[in-house]
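Encoded as structure tokens, the structure appears first; notes follow it.
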Amino acid sequence: MNEIFNKPYEAKEFEQDIYRQWEESGYFNPDNLPSRHDKGPFTIIMPPPNANGHLHAGHAVFITLEDIMTRYKRMQGYRALWVPGADHAGFETQIVYEKKLEKEGRSRFKMDPKELYDEIMAFTLENKKYMEEEVKRVGASCDWSRERFTLDPDIVVEVQKTFKKMFDDKLVYRGSRTVNWCTKHQTSLSDVETESVEKIDKLYYIKYGPFVVATVRPETIFGDVAIAVNPNDERYAQYIGQEIEIENPNGKLMVKVIADEAVDIEFGTGALKITPAHDNNDFAMSQKHGLPAVVVIDQFGKLNERTGKYAGMKIAEARTKVVEDLEAMGLIEKIEEYKHVVPTCYKCGTTIEPRLLPQWFVKMSAQGGLAEKAAKAVEDGRIEFIPDNYRKIFLYWMNNTIDWNISRQIVWGIPIPAKVCDDCNFGTAEDIDICPKCGSQLRKDTDTFDTWFSSGQWPLLTLNYPDGKDFKQFYPTDVMETGYDLIFKWIPRMVIFGLYLTGEVPFKTVYLHGLVNDEKGKKMSKSKGNVVNPIDIIEKFGTDALRMALVVGNTPGNDTSFSESKVKGYRNFANKIWQATRFVLMNSEGFDDTREPQLTERDKEVLKEFSDMKENITNLLDKFMIHLAAENAYHYFWHTFADVIIEENKERLKSENESDRHAAQHVLNTILRGSLKFLHPFMPFVTETVYDNLPGNDGKMLMIEEW
RNA sequence: GGACUCAUAGCUCAGUUGGUUAGAGCGUUCGAUUCACAUUCGAGAGGUCACAGGUUCGAAUCCUGUUGGGUCCACCA
């Protein structure tokens, strides 16, 4: 018996070395697998972690789940491929870096874009290294030789080609409309990057000529171009179509009265002021009725020169001031408390300021368009969700989607390869210099892509679409495993791009895991101080223990609670595997496995139970019931094999009857070796360490043994 | 306003197509232990499976409703 078994299992002593051996074996790369591995392929694309910080518990969960799937399939003889990556995470990283700048007393707005870009690149590349090291610590058996970064030059080229193709196919267009603008971050955001927050604001009833209009934004009255009423509202029928004079603190103004079904007769006074430049609804209505848009608030959330004496004031200040002045003029009829929902920046909570800007949009919702095709793929069962209820959520979103704004006014990202006209808002993906619409000089667009524009193509880009041999071999992939919070942000984009570019879905199964909460079931957050760093846990209890704690009882689609005592329990289990091995080896001196054992009825029963258990775990893994598979494997090994079977056989191992002793040895060795296999996907380090040190296993690697 | 989800032991959670006495981890009580393992072993206490109906030979599981958590979506100013 190898002397390493003479002291308790200490994960730290083995894990990093084992990982290095795996890497050196080359078997993470399916091209290097032995010829037995002729099934498949089986492919998972790793959701690329953001290269702007360290791993958190959520990363550890997805790495564990995907690693379990990959190792299981690899052992089954599939050509298993798990492609790692790193995400430049445009807006997210830019914010992380801006905070850093802020701490240093610097600001991105005072920096040259190139200089800023280079600094963020250096920062990202450094963090990328940490991130990769940490992914390895969790035991990821992914193919590092295929690792991709979302800013790799060839990937940038491919992403830009997609834009061009979509432009040619009229699926992207330059639109000038109200977009979600964050006044703090100075960029527009897509609909999924805003968060609706309930707020209580004042609803002001303002006398407006013969009308009273209700508004929460009196400071925008300088941008009003119309009053809208419902065509069926008898109170106002006489005014429809007229130009009427209204009064505001800056003087008198003519506005048109329009009729639109969208106006709710019951709400407020049934009359609505229309400010196209600063409200999404109003903008839509202005388009319908051919009204102009008057901009009165600038990109910093301050009132502009059109507002006279209010120019330069911030929105909140201007609102107070305007209301005071209106009140003095006797134009405020009443003020009510009003609860409503406002969109905010999902990163900083700043209220989104709708802003009229020319931007690039992906046409999502047209009939037979991108969203509809994605919905159809799911309806047809070409993509399956685990858990199944996310199918409905996905479909709901696909059927209610709006055009996707892909322009970001930040430097950290892939440049949009377009030329734009500042005079008439024309934009093109063609390489021309003069605006065909107005004759002005075009300039290169300085905006970058929404990060989801590139990560939406990730399953294609990682496999070197369109000409790479990986693409031909491994696309479409098998499983996309990610957090349920990405059901809108990421999953639909991948489906859309996959179908658009290849006609095929990018993956067949979407497995969604939940959040990792603390031991009380509360969300982890820095401010609560309950954040768990997976690397700390690994240092303390070992990777295998962490993995089990994250996986057992963690049902797909549901949040899971993490507690150190749970990890401790599985650390003990790792040692249990170690000690059971030690016992079996101590009692296997002279054991010759080639001889046919004389099995008792009980032996046969025990071996049958064992093979039933193997089958059970296999079925569970096939059904993606990883939480149950892990628990059953654990339970069988400890409470059946160690507690019952080993105990039952202790006497026989000391028996003078050689044949009986041999039968006992056979049973124990068979189950031990077999159990190491079914435990391996969950607890790869301890099982590999044990397996490598079993007599006769020199040079063998459990990772590629037959399931 | 719409949708989803959860409610099971003191705590955190499982319970795989409805099928005997409902499980795990932690905690707890009692006991054991020169034995592979104190990172151990054995035994126990602890649950009207949120509530009310229904379907069924049989329901924690399926259906309806109620209550109470959680999450997501939402351009009535």
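Throughout, protein chains are lettered first and strands after them, A, B, ... in sequence-line order, and every chain is numbered starting at 1. All values below come from the heavy atoms of this structure, side chains included, with hydrogens, waters and symmetry mates left out. The structure presented is a predicted model; accordingly, all values stated were derived computationally and were not measured.
Side-chain to base pairing of A:Lys392 with B:C4: no donor and acceptor N or O lie closer than 3.5 Å to each other. At a cut-off of 3.5 angstrom, counting only N and O atoms as typed in the model, there is no donor on one side facing an acceptor on the other between the side-chain of A:Lys566 and the base of B:A24. Remark: the A:Glu647 side chain and the B:A36 base include a donor-acceptor N/O pair separated by less than 3.5 Å.
B:C11 sits 28 Å from B:U66 when the P atoms are compared, rounded to a whole Å. Nucleotides B:G47 and B:G1 have their C1' atoms positioned 39 Å apart, rounded to a whole Å. Annotation: B:G54 and B:G69 have their P atoms spaced 28 Å apart (nearest Å). Separation of the P atoms belonging to B:C4 and B:G44 is 44 Å when rounded to the nearest angstrom. Atom name C1', nucleotides B:U39 and B:U20: the rounded distance is 37 Å, in whole Å.
Heavy atoms of A:Ile646 sit under 4.0 angstrom from at least one base atom. Across all strands shown, A:Ser561 has heavy atoms under 4.0 Å from sugar-phosphate atoms exclusively, and none from any base. Across all strands, A:His639 comes closer than 4.0 Å only to sugar-phosphate atoms, never to a base (heavy-atom distances). Counting any heavy atom pair closer than 4.0 Å across all strands shown, A:Gly569 reaches no nucleic acid atom. Residue A:Ala642 is in base contact, counting any heavy-atom pair closer than 4.0 Å across all strands shown. Note on A:Phe488: only backbone sugar-phosphate atoms sit closer than 4.0 angstrom, heavy atoms only; bases stay farther off.
Applying a 4.0 Å cut-off to non-hydrogen atoms, the residues of residues 259-268 of chain A that approach RNA chain B are A:Val263, A:Asp264, A:Phe267, listed by residue number.
Looking at A:Lys202 and A:Glu336, no side-chain N of the basic residue comes within less than 4.0 Å of a carboxylate O on the acidic one, giving no salt bridge.
Distance A:Trp638 CH2 to B:C37 C1': 9 Å, rounded to the nearest Å. Distance, A:Asn572 CG to B:C26 C1': 12 Å, rounded to whole Å. Between A:Asp643 atom CG and B:A24 atom P the separation is 13 Å, expressed in whole Å. For the pair A:Tyr346 OH and B:C73 P, the interatomic distance rounds to 13 Å; values are reported in whole Å. Remark: P of B:C4 and CG of A:Asn558 are 15 Å apart, rounded to the nearest angstrom. B:U16 atom P lies 17 Å from atom CD1 of A:Ile626, rounded to whole Å. Nucleotide B:G70 holds its P atom 13 Å from the OH atom of A:Tyr484, rounded to whole Å. Atom pair A:Phe682:CZ and B:A24:P shows a separation of 20 Å (rounding to whole Å applied).
A centroid separation of 6.0 Å or more is found between the aromatic rings of A:Phe361 and A:Trp404. In this structure, A:Phe685 has its ring center at least 6.0 angstrom away from the ring center of A:Phe14.
Taking 4.0 angstrom as the limit, A:Thr555 places a side-chain polar atom (N or O) nearer than this to OP1 or OP2 of B:A14.
Ring geometry for A:Tyr634 against A:Trp638 counts as perpendicular: the plane angle is over 60°, on a 0 to 90° scale with 30° as the lower cut.
For the residue pair A:Thr344 / A:Lys199, no side-chain donor-acceptor distance below 3.5 Å is found, with atom types taken as modelled. Side chain to side chain, A:Asn405 and A:Ser190 fail the donor-acceptor criterion of an N or O pair below 3.5 Å. Side chain to side chain, A:His513 and A:Glu481 meet the donor-acceptor criterion of an N or O pair below 3.5 Å.
Using the Watson-Crick or G-U wobble rule with both distances under 3.5 Å, B:G1 pairs with B:C73. Nucleotide B:A7 is matched to B:U67 when pairs are restricted to Watson-Crick or G-U wobble geometry with both distances under 3.5 angstrom. Under the Watson-Crick or G-U wobble criterion, with both distances below 3.5 Å, B:A24 is paired with B:U12. Here B:G47 sits opposite no nucleotide as a Watson-Crick or G-U wobble pair (both hydrogen-bonding atom distances under 3.5 Å). In a base pair of the Watson-Crick type (N1 to N3 plus N6-O4 or O6-N4) or a G-U wobble (N1-O2 and O6-N3), with each distance short of 3.5 Å, B:C30 is matched with B:G42.
Among the nucleotides B:A24, B:U16, B:A74, the one closest to any side-chain atom of A:His635 is B:A24.
RNA chain B is contacted by both A:Phe583 and A:His627; A:His627 maps to the nucleotide lying nearer its 5′ end (nearest heavy atom per residue).
The distance from the CG atom of A:Asn616 to the OH atom of A:Tyr636 is 11.5 Å, given to the nearest 0.5 Å.
Cation-pi check for A:Lys489 over A:Tyr346 is met; the charged atom lies under 6.0 angstrom from the ring centroid and within 45 degrees of its normal.
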